[in-house]
Amino acid sequence: MATTSTLALGQAHNVSSGYQKPTDPMVIENLEQWQDMKFGLFMHWGTYSQWGIVESWSLCPEDEGWTQRKPEHGKNYFDYVKNYENLQKTFNPTDFDPKKWADATKAAGMKYVVFTTKHHDGFAMFDTKESDYKVTSPNTPFSTNPKANITKEIFNTFRNDGFKIGAYFSKPDWHTDFYWWNYFPPKDRNVNYDPAKHPERWEKFKNYTYNQLNELTSEYGKVDILWLDGGWVRPFKTIDPSVEWQRTIKVEQDIDMDRIGTMARKNQPGIIVVDRTVPGKWENYVTPEQAIPEHTLDIPWESCITMGDSFSYVPNDQYKPTKKIVETLIKIIARGGNYLLNIAPGPNGDYDQAAYDRLKELAAWIQINQGAVYATRPIAPFHEGDYYYTRSKDSKTVNVFHIVEGESYQQPAQYVFNLPDQFKIKDIAILGHKGKLKWSQKDNQITVINPNTKLNYATVIQIKSK
């Protein structure tokens, strides 16, 4: 993950080509339910929140915009790494209250959560038996807290509130000696030895990864999505040379996804596996990052986008206006995707107040317009001018969203848009407006007179067919 400002530098994830549709009926059903949910919560959280820096990436010895290190955190690379890893000894987020998050995000319309159980730095936010670099270690002050197993607390709390549960997990691990072997300095984001030359070490890494994923899928209740990041850990034959960051992969990094995926499905029948950017049977949906595809995609997809500028907590982050969040949701669902909105907890264990303010405003909008958002699918013409379209799954209802770019939403005197082909109108309503509407139809074009009901961020015109 990277901040918005650095995306041009090659950190954005492309949409993988060669999608393979799952064949397991339980996975197909889970994917269908997930596509109905439309809106999810992403959370990047780890010891790095104490420094207010980009998650993990400053450990990576690549000279990129998102890997920069601040001099006050270490005078050279090796001091920096030592000081970063010592953040474990001060991590004590005593304000951690997942119920507060679940209440606020559920009210705002989110239906599933994806949490960073372990990022590239290797710090486990769960009680792994494979490593002492974890939140429940005696080295971590928070380990004495009754809520010390943060992943378990988040999963149980959100599951009890009706959310689907997603476990983000980084395949690369920059802490373990099985991936970045301390015999060599790390060279870049990739494994720092050749697994073909040292197969016994790579085998240990494969087992380490397998064992942690076995823990997450067998000890933490029902898990619906396994969201695997770090796409450079992949079979060499799957590299796409047209993607800049994939060209940095020089050695075979196959961790046997068949073994991992089969185990995850045995532990969690029907689990969606997202092996990001690695096309094949274990990438059950694709995940563009900080971007919305220009057109509809006919495969399951999700855009992960930050509420602020960064995936991780940064002091005084600039949070997107609620209007922008609503517009993003509309554009994504009109193109057939899901919106995974990232909010980063701070070192104290809570969100910034600005995030709660946005969630409260979202809640007011979603309460009125939810009937046009959930369990919908795209319908032609998808998007024309200021209008975006979704349909109910039985195609008997069409929702037409009107948005206007700019700082404030201005409702027009009349809404003029084209109807999907062969659609015979029985009824037209504006969500949030009580009372009759004045409207007319000429050929396929509909004109609806603005009834002067004040609406925030966007207008939703809902049309039912005969």
Side-chain angles (χ1 to χ4, degrees), residues 1-3 5-14 16 44 46-48 51 53-70 73-74 76-78 80-82 84-85 116-124 131 133 168-198 201-202 204-206 208-209 212 227-255 257 274-278 283 287 289-290 304 310-312:
M1 294 303 178
T3 57
S5 56
T6 59
L7 282 177
L9 301 172
Q11 193 52 27
H13 282 285
N14 59 314
S16 310
H44 278 65
T47 61
Y48 46 77
W51 279 354
I53 56 167
V54 70
E55 64 294 340
S56 302
W57 278 101
S58 56
L59 297 172
C60 178
E62 296 176 12
D63 190 11
E64 299 288 1
W66 59 88
T67 61
Q68 302 303 302
R69 291 175 285 280
K70 294 179 180 173
H73 295 149
N76 60 48
Y77 175 79
F78 298 100
Y80 185 94
V81 171
K82 186 179 168 192
Y84 183 105
E85 296 192 337
T116 50
T117 66
K118 187 185 79 167
H119 206 264
H120 314 327
D121 62 10
F123 186 79
S131 165
Y133 193 48
Y168 168 111
F169 181 91
S170 168
K171 293 181 295 178
D173 184 315
W174 295 336
H175 183 79
T176 179
D177 218 27
F178 304 145
Y179 192 75
W180 274 4
W181 183 12
N182 64 16
Y183 181 75
F184 298 111
K187 299 184 279 285
D188 54 23
R189 70 189 67 187
N190 295 285
V191 61
N192 71 338
Y193 61 91
D194 185 347
K197 281 189 188 172
H198 303 279
R201 185 165 292 272
W202 186 251
K204 285 178 180 172
F205 178 65
K206 283 164 61 175
Y208 169 87
T209 306
Q212 286 195 325
W227 209 97
L228 300 174
D229 201 10
W232 54 95
V233 174
R234 68 196 295 143
F236 198 76
K237 66 178 185 290
T238 66
I239 292 168
D240 180 351
S242 72
V243 179
E244 185 185 352
W245 64 264
Q246 293 188 31
R247 292 198 295 272
T248 71
I249 308 169
K250 304 299 183 191
V251 294
E252 179 65 70
Q253 296 188 62
D254 189 342
I255 55 163
M257 270 306 300
V274 185
D275 189 13
R276 294 188 78 208
T277 75
V278 186
E283 191 182 30
T287 51
E289 179 178 321
Q290 295 285 45
C304 51
S310 174
F311 277 101
S312 53

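Position 1 is the first residue of the sequence; numbering continues from there.
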Under the side chain to side chain contact (heavy atoms under 4.5 Å, CB included) test, which residues partner E252, sequence neighbours left out? P235, F236, D254

Treating T67 as the side-chain partner and E62 as the backbone partner, does any N or O pair qualify as donor plus acceptor under 3.5 Å? yes

One should read off an interatomic distance between K187 NZ and C60 SG, to the nearest 0.5 angstrom, of 12.0 Å

Rounded distance (nearest 0.5 Å) linking atom CD of Q253 with atom CG of D194: 10.0 Å

Is any side-chain heavy atom of N192 less than 4.5 Å from a side-chain heavy atom of P185? no

K171 with D229: basic N within carboxylate O range, under 4.0 Å: no

From W245 atom CH2 to D188 atom CG, the distance as rounded to the nearest 0.5 Å: 12.5 Å

Of all residues at least two apart in sequence or in a different chain, which pass the ring-ring contact (aromatic ring centres under 6.0 Å, His included) check with Y183? W181

Kindly determine whether F169 and W227 satisfy side chain to side chain contact (heavy atoms under 4.5 Å, CB included), including the steps that lead there. CA-CA 6 Å; F169 181 91; W227 209 97; over 6 Å; no

Between R276 and E283, is there a salt bridge with N-O shorter than 4.0 Å? no

Hey, can you tell me if Y168 and H119 have their rings parallel, tilted or perpendicular (30° and 60° cut-offs)? parallel

Going by ring-ring contact (aromatic ring centres under 6.0 Å, His included), name the residues that satisfy it together with W174, two or more places apart in sequence or in a different chain. W57, H120, W180

Start with the C-alpha distance between V274 and L228, add both sets of side-chain angles, then the distance that settles side chain to side chain contact (heavy atoms under 4.5 Å, CB included), and finish with yes or no. CA-CA 6 Å; V274 185; L228 300 174; over 6 Å; no

Can you check whether K237 reaches I239 side chain to side chain, under 4.5 Å on heavy atoms? no

Got a salt bridge between D177 and R201, using NZ or NE/NH1/NH2 to carboxylate O under 4.0 Å? yes

Can you confirm whether the side chains of Y208 and D173 place a donor and an acceptor under 3.5 Å from each other? yes

Set of residues satisfying side chain to side chain donor-acceptor pair (under 3.5 Å) with respect to E85, sequence neighbours excluded: H175

Could you tell me the separation between the OG atom of S56 and the CZ atom of R189, rounded to the nearest 0.5 Å? 12.0 Å

Side chains of W202 and V191, heavy atoms from C-beta outward: is any pair under 4.5 Å? yes

Only counting residues at least two apart or in another chain, list the ones meeting ring-ring contact (aromatic ring centres under 6.0 Å, His included) with F123. Y133

Donor-acceptor check, side chain of Q68 to backbone of E64, threshold 3.5 angstrom: yes or no? yes

Side chain to side chain contact (heavy atoms under 4.5 Å, CB included) involving K70 - partner list, sequence neighbours excluded: I53, E72, H73

If you count heavy atoms of other groups shown closer than 6.0 angstrom to NZ of K204, is the number above 12? no

Do R234 and T277 have side-chain N/O donor and acceptor atoms under 3.5 Å apart? yes

Scan side-chain atoms only and decide if S58 and Y80 contain a donor-acceptor pair under the 3.5 Å cut-off. yes

Give a yes or no answer on whether the side chain of K250 reaches the backbone of R247 with a donor-acceptor pair at less than 3.5 Å. yes

Closest heavy-atom pair and its distance - P61, P186: CG-O, 3.4 Å

So, do Y179 and F205 have ring centers that fall under 6.0 Å from each other? yes

Is any side-chain heavy atom of Y84 closer than 4.5 Å to one of L59? yes

Is there a side chain to side chain contact (heavy atoms under 4.5 Å, CB included) between T116 and K118 once you walk through the steps? CA-CA 5 Å; T116 50; K118 187 185 79 167; over 6 Å; no

